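These numbers come from a predicted model, not from an experiment. Note that these values count all heavy atoms, side chains included, but never hydrogens, waters or copies made by symmetry.
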Amino acid sequence: MSTEVKQFHEEEAIGKTYDLQVARRLLKYLKPYVRFLIPALVLTLALNLLGVLQPKFTQYAIDWYILPRHLDGLILLVGLYFGAQFFRFVFSYFQAILLNSVGQYVMFDMRRELYDKLQHQEIAYYDRNPIGRIMTRLTTDVDALNELFTQGVTDLLGDLVMIVAIISVMLWMDVRLTLITLLTVPMLFAATTRFRKGARKGYDMVRTRIARINAFLQEHFSGAQTVQIFNGEAKSLKKFDQINDDHRRANIETIYYYAVFFPLVDFIGAVGIALIIWYGGYRVMQNTPEHTVLTLGGLVAFIQYSGFLFQPIRDISDKYNVLQAAVVASHRIFRTLDLPIAIVNPRKPQKDDRAKGRIEFQNVWFAYKDDNW
């Protein structure tokens, strides 16, 4: 079996591995930087909670000031809304700095550990493994973890908090209208599940193909002289076209899932808003001065909450793919870090006497390479 075929089967096997133990193993790399991670998590929660307040500002502005024509109080409410948005801006700034700092520190530590491990491998290891695949471990796979630490975990937690907070506020405002709003959620979860499975498969194919491209390029660039000596340029180009085309088709398949999923989510969200307008509008028109069932401001707030509810659900699906990609990349990295070191220097090397013997050279020759030949 050739080196490329062996590499292909190994990459496919790794791509199908989703082990939660690998994800838990990543936590040790975060432990030294908890002082950055905890404030980032607090800022993430604060950002999402402030976002939940936005529709309530709209409701109060319409019901308390716009419809009754109380313009003086409206100015105060606008000022509070502006202040909330300003705090979101400040929190978002510091959150981005903290999370990206954590990601860069983790990448630094992991690359250093990988490089140290590879430096102590025997020479035969580099004969068995293409350099392009080893470079993929140090570059592409480590980069995949950066998105996990900077966006995946914290954003996933923030989205979950956002969903719970939005549904709680909506139930507090109006139970019946909330149930109408949630009618489209099962449709959204079904679309998300379908997208998650398809996108995960496509992503694994992309990772496998890019590793094959890196290995192929490294081998043929370093052996370019051999390829030219045997007049193998056409054969090499044909083989590269096949590998490159596999990578292209894998990317197009992944793009297909994204192209279908996001418009479908927008369509489901539009259906939910249409239900809110239909049922909520009827409730607003049935209001009487003696008994107010649903205000116009409450209806507008519900429409905004509906949009806010679909966004984190869609983001969770995307973050799930980030998590899966990071787990796959982590598995590749940990396979390298767990490699045994075949040749180990003794802790207490023994000092022998001067070696005795003789060296004999037979049929040894050398020559200088002349570029003009």
Side-chain angles (χ1 to χ4, degrees), residues 3-4 6-37 98-154 200 203-222 243 247 321-345 347:
T3 302
E4 290 184 11
K6 289 180 180 179
Q7 176 194 349
F8 174 77
H9 288 301
E10 180 181 353
E11 297 294 340
E12 291 286 351
I14 293 176
K16 296 177 182 178
T17 302
Y18 298 95
D19 192 353
L20 292 179
Q21 293 181 355
V22 174
R24 288 196 295 265
R25 189 172 175 180
L26 291 172
L27 294 177
K28 78 169 188 177
Y29 291 95
L30 289 173
K31 187 176 180 180
Y33 310 109
V34 173
R35 64 184 186 277
F36 298 129
L37 191 60
L98 291 172
L99 289 179
N100 282 278
S101 297
V102 171
Q104 293 300 320
Y105 278 121
V106 171
M107 290 171 61
F108 174 83
D109 295 340
M110 190 165 287
R111 281 202 180 103
R112 187 178 185 277
E113 189 174 351
L114 273 170
Y115 183 78
D116 181 66
K117 170 65 74 170
L118 293 171
Q119 285 291 294
H120 292 85
Q121 291 299 314
E122 71 279 8
I123 301 300
Y125 172 81
Y126 296 95
D127 295 332
R128 298 190 304 267
N129 297 274
I131 302 300
R133 188 168 62 189
I134 298 174
M135 292 296 296
T136 302
R137 298 293 175 270
L138 284 165
T139 55
T140 307
D141 288 337
V142 175
D143 287 338
L145 298 180
N146 183 43
E147 189 173 1
L148 172 68
F149 294 127
T150 57
Q151 298 181 9
V153 177
T154 54
R200 182 179 67 185
Y203 182 82
D204 293 341
M205 292 175 60
V206 172
R207 302 281 296 179
T208 300
R209 271 54 173 184
I210 194 61
R212 294 184 67 194
I213 287 179
N214 290 339
F216 182 89
L217 292 177
Q218 185 277 326
E219 290 177 351
H220 285 74
F221 285 155
S222 61
I243 298 175
H247 180 258
N321 290 321
V322 171
L323 176 62
Q324 293 297 328
V327 171
V328 173
S330 301
H331 193 278
R332 303 171 194 263
I333 292 171
F334 291 145
R335 280 173 62 95
T336 303
L337 292 176
D338 293 339
L339 289 172
I341 299 177
I343 302 176
V344 181
N345 294 328
R347 295 183 178 180

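- In this structure, the ring pair (Phe, Tyr, Trp, His ring centres under 6.0 Å) partners of Tyr105, at least two apart in sequence or on a different chain, are Tyr33.
- Between Leu138 and Tyr115 the shortest heavy-atom distance is CD2-N, 4.1 Å.
- Within the 4.5 Å cutoff, no side-chain heavy atoms of Met110 are placed close to those of Asp141.
- Counting heavy atoms from C-beta outward, Gln104 and Phe108 have side chains that stay 4.5 Å or more apart.
- For residues 27-37, no pair satisfies salt bridge (Lys or Arg N to Asp or Glu O under 4.0 Å), with sequence neighbours left out.
- Closest approach of Ile243 to Phe216, counting heavy atoms only: CD1-CD1, 3.6 Å.
- Asp143 is linked by a side-chain contact (heavy atoms from CB on, under 4.5 Å) to Met107, Arg111, counting only residues two or more places apart in sequence or in another chain.
- Of all non-hydrogen atoms in Tyr126 and Glu122, the two that sit nearest each other are CD1-O, 3.8 Å.
- Applying the salt bridge (charged side-chain N to carboxylate O under 4.0 Å, His left out) rule to Asp116 yields no partners; only residues at least two apart in sequence or on another chain are considered.
- For Leu30, the side-chain contact (heavy atoms from CB on, under 4.5 Å) test picks out Leu27, Leu37, Val102, Val106, Phe149, with sequence neighbours left out.
- Contacts of Leu337 classified as side-chain contact (heavy atoms from CB on, under 4.5 Å), with partners at least two apart in sequence or in another chain: Tyr29, Glu113, Leu114, Lys117, Ile333, Phe334.
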